Amino acid sequence: MATAHSNDRIEPFSVAVDPGVLDDLRARVRAARLPAPAPGPAWAQGTDRDWLEGLLGYWARGFDWPAAERALNRYAHYRARIGGTVVHFVHERARHGAGIPLVLGHGWPSCFAELLPLVPLLTDPAGHGIAGPAFDVVIPSLPGYGFSSRPAVPGGVTYRHVAGLWHTLMGGLGYARYAAGGGDFGAGVATFMALADPGPLIGLHLTNLELTPYTGPGSRPLSAAEQAYQEQSRRWAEAEGGYYAIQSTKPQTLGYALNDSPAGLAAWILEKWRSWSDCHGDLESRFSRDFLLTVVTLYWATGTITSSMRDYYDNRRWQGEPRLGPGDFAEVPTAVAIFPHTLIPEGEPPQEWGERLYDIRRWTVLPRGGHFAAAEEPELLARDIAAFFATLDR
């Protein structure tokens with residue numbers, strides 16, 4: 001685990017992209033050389049050309065990055081050096097009284113901006129009609145994403161390594177006890193926080209089951225619901241898993257293209273936002289163009305698409321995808337909020353699947369929302385978080 005640091009190594013930070021970077025971005029977008037449309041139905045072979053062409057036109061001529069920057073900077077940003085890693089994070093305290101410290105993690109191809117809609121709801125729940133406790137919210141950027149560096153460390157920047165960083169960050173902020181949660185890689189990191197060092201944790205709140213529990217010799221047989229879930233997950237991987245195969249084996253090769261072409265970057269990232277969200281095939285019915293381009297511009301301006309994709313390489317290579325053993329169990333009260341309404345269904349895990357790895361205290365299947373729950377349905381998610389932690393001894 002990374003060594004502890006003191007608060008004087010935490011410095012305020014503002015999002016500020018050099019105007020020259022933006023000028024170069026717009027020039028590249030205007031000069032984009034797009035392939036011919038794919039034959040057959042739109043989106044069937046990947047990002048639809050007509051849709052992308054319209055988005056690129058807005059990115060070059062209509063998108064107001066300075067306004068997006070001002071919106072991001074309404075939150076309190078900081079950076080901290082933890083060992084050899086510079087960690088960017090947002091830290092907003094409860095508006096009234098002492099809040100429950102809660103570190104929330106994002107995944108790929110996302111960033112801290114996905115989780116920002118939760119901040120006002122969790123720091124001032126009463127002001128938004130939400131029953132339950134208030135929170136001190138900490139939203140770090142994963143190493144190699146946005147304004148967080150990605151160090152070269154023995155064993156790779158795995159879930160386990162990042163879990164140590166987040167424990168150290170929360171301790172450096174002065175919190176002896178705190179909660180953790182998130183989705184995608186963020187859910188995996190929170191899980192390893194509980195596996196490696198459960199003592200400081202009040203509880204976990206997850207929006208997906210990122211890690212596969214142990215199902216080998218000595219484990220109970222799979223239920224019919226678990227078998228059906230595994231079969232649906234297999235079908236999802238066949239339809240949707242090409243990105244994973246590339247990013248877990250050759251991220252550097254792909255990175256040359258995506259780091260050089262904003263059109264390619266937008267196509268690669270936003271196809272996943274469409275496939276994994278509750279948008280019924282119409283991405284802009286769920287997210288505004290300004291939000292989507294804020295996410296993509298953060299990747300572009302920081303040049304971090306390649307380093308972000310290394311999450312797949314490091315976890316697969318160094319942790320075996322990662323394989324958990326029969327003794328791995330998160331001894332921390334856990335809530336799981338399932339948002340299963342994705343365009344390409346990954347499957348709805350049954351509660352008994354989660355109980356193989358977690359001490360499940362709350363299991364909620366939400367009526368709307370997909371993989372990017374904090375951006376899709378922030379109020380539903382905030383209410384579930386507040387309801388869960390209202391039941392725990394803090």
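These numbers were taken from a predicted model, which means no experiment stands behind them. Residue indices begin at 1 and follow the sequence shown. All values below come from the heavy atoms of this structure, side chains included, with hydrogens, waters and symmetry mates left out.
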TODO: For residues 105-132, pull every pair meeting salt bridge (charged side-chain N to carboxylate O under 4.0 Å, His left out), keeping only residues two or more places apart or in separate chains.
DONE: none
Would you say [X]'s side chain and [Y]'s backbone share a donor-acceptor pair under 3.5 angstrom?
{"X": "S261", "Y": "A257", "value": "no"}
{"X": "S148", "Y": "H88", "value": "yes"}
{"X": "R177", "Y": "L201", "value": "yes"}
{"X": "R95", "Y": "R93", "value": "yes"}
{"X": "Q232", "Y": "P345", "value": "yes"}
{"X": "H341", "Y": "P367", "value": "yes"}
{"X": "R49", "Y": "P35", "value": "yes"}
{"X": "E376", "Y": "D278", "value": "yes"}

Open item on the list: Holding to side chain to side chain contact (heavy atoms under 4.5 Å, CB included), I want the full list of residues that pass it with A382, two or more places apart in sequence or in another chain.
Closed with: L118, L121, L122, I130
What's the shortest heavy-atom distance between [X] and [Y], and which atoms?
{"X": "R220", "Y": "R356", "value": "NH1-NH2, 2.9 Å"}
{"X": "I338", "Y": "P349", "value": "CD1-CG, 3.7 Å"}
{"X": "P101", "Y": "M170", "value": "CB-CE, 4.0 Å"}
{"X": "D48", "Y": "A42", "value": "OD1-CB, 3.4 Å"}
{"X": "T304", "Y": "G146", "value": "OG1-N, 3.2 Å"}
{"X": "G182", "Y": "L104", "value": "N-CD2, 4.0 Å"}

Any side-chain donor paired with an acceptor under 3.5 Å for [X] and [Y]?
{"X": "T297", "Y": "W59", "result": "yes"}
{"X": "E69", "Y": "W65", "result": "yes"}
{"X": "S307", "Y": "R150", "result": "no"}
{"X": "D384", "Y": "T364", "result": "yes"}
{"X": "W51", "Y": "E284", "result": "yes"}

- [ ] Identify the residue among F372, F63, W273 that makes a ring-ring contact (aromatic ring centres under 6.0 Å, His included) with F291.
- [x] W273
Open item on the list: Applying the ring-ring contact (aromatic ring centres under 6.0 Å, His included) criterion to W108, which one of F185, Y312, Y313 satisfies it?
Closed with: Y312
- [ ] Would you please indicate yes or no on a ring centroid separation below 6.0 angstrom for H167 and Y178?
- [x] yes
Open item on the list: So that I know where these two stand, are H77 and F147 an aromatic pair - ring centroids less than 6.0 Å apart?
Closed with: no
Distance, nearest 0.5 Å, that separates [atom1] of [X] from [atom2] of [Y]:
{"X": "L102", "Y": "E92", "atom1": "CG", "atom2": "CD", "result": "13.5 Å"}
{"X": "M309", "Y": "L254", "atom1": "CE", "atom2": "CG", "result": "4.0 Å"}
{"X": "Y358", "Y": "L204", "atom1": "OH", "atom2": "CG", "result": "7.0 Å"}
{"X": "L366", "Y": "L381", "atom1": "CG", "atom2": "CG", "result": "7.5 Å"}
{"X": "I385", "Y": "L380", "atom1": "CD1", "atom2": "CG", "result": "11.0 Å"}
{"X": "N315", "Y": "Y159", "atom1": "CG", "atom2": "OH", "result": "5.0 Å"}

Open item on the list: Between T391 and R362, is the side-chain contact (heavy atoms from CB on, under 4.5 Å) condition met? List the steps.
Closed with: CA-CA 10 Å; T391 68; R362 180 181 177 90; 6.0 Å; no
Linked, directly or transitively: [X] and [Y] (ILVMFWY side chains, under 4.5 Å):
{"X": "V86", "Y": "Y299", "value": "no"}
{"X": "Y214", "Y": "V332", "value": "no"}
{"X": "L206", "Y": "L392", "value": "yes"}
{"X": "F329", "Y": "V336", "value": "no"}
{"X": "Y75", "Y": "V137", "value": "yes"}

Task: From R274, K272, R234, residue fulfilling salt bridge (charged side-chain N to carboxylate O under 4.0 Å, His left out) relative to E240 - done: K272
State, with a plain yes or no, whether a side-chain heavy atom of [X] is found less than 4.5 Å away from one of [Y].
{"X": "F287", "Y": "C279", "answer": "no"}
{"X": "L258", "Y": "I269", "answer": "no"}
{"X": "L209", "Y": "L357", "answer": "no"}
{"X": "P140", "Y": "W166", "answer": "yes"}
{"X": "D314", "Y": "H161", "answer": "no"}

- [ ] Please test L283 against S277 for side-chain contact (heavy atoms from CB on, under 4.5 Å), starting from the C-alpha separation and ending with a verdict.
- [x] CA-CA 8 Å; L283 183 57; S277 65; 4.3 Å; yes
TODO: Among residues two or more places apart or on two chains, list those pairs meeting side-chain hydrogen bond (donor to acceptor under 3.5 Å, both in side chains) that have a residue in residues 32-42.
DONE: none
- [ ] Over 60° means perpendicular and under 30° means parallel, so classify the ring planes of H91 and Y175, tilted if in between.
- [x] perpendicular
Task: Sole residue of N208, D184, T342 in side-chain hydrogen bond (donor to acceptor under 3.5 Å, both in side chains) with H371 - done: D184
- [ ] State which residues pass salt bridge (charged side-chain N to carboxylate O under 4.0 Å, His left out) with R361; sequence neighbours excluded, sorted by chain then number.
- [x] D359
- [ ] Please test W353 against Q230 for side-chain contact (heavy atoms from CB on, under 4.5 Å), starting from the C-alpha separation and ending with a verdict.
- [x] CA-CA 10 Å; W353 181 254; Q230 284 197 326; 3.3 Å; yes
- [ ] If a pair satisfies ring-ring contact (aromatic ring centres under 6.0 Å, His included) and one of its residues is in residues 119-146, list it, with sequence neighbours excluded.
- [x] H106-Y145, F135-F389
What pairs of donor and acceptor atoms, side-chain ones from residues 13-25 against any protein atom, are under 3.5 angstrom apart with sequence neighbours left out?
residue: D18; atom: OD1; partner: G20; partner atom: N; Å: 2.6
residue: D24; atom: OD1; partner: R28; partner atom: NE; Å: 3.3
residue: D24; atom: OD2; partner: R28; partner atom: NE; Å: 2.8

TODO: Check the pair V162, V157 against side-chain contact (heavy atoms from CB on, under 4.5 Å), reporting the backbone distance first and the verdict last.
DONE: CA-CA 7 Å; V162 180; V157 182; 3.7 Å; yes
TODO: Determine, step by step, whether R383 and E377 satisfy the salt bridge (Lys or Arg N to Asp or Glu O under 4.0 Å) criterion, reporting the C-alpha distance in whole Å, the side-chain angles of both residues, the deciding distance to 0.1 Å, and the verdict.
DONE: CA-CA 10 Å; R383 288 183 181 279; E377 296 291 344; over 6 Å; no
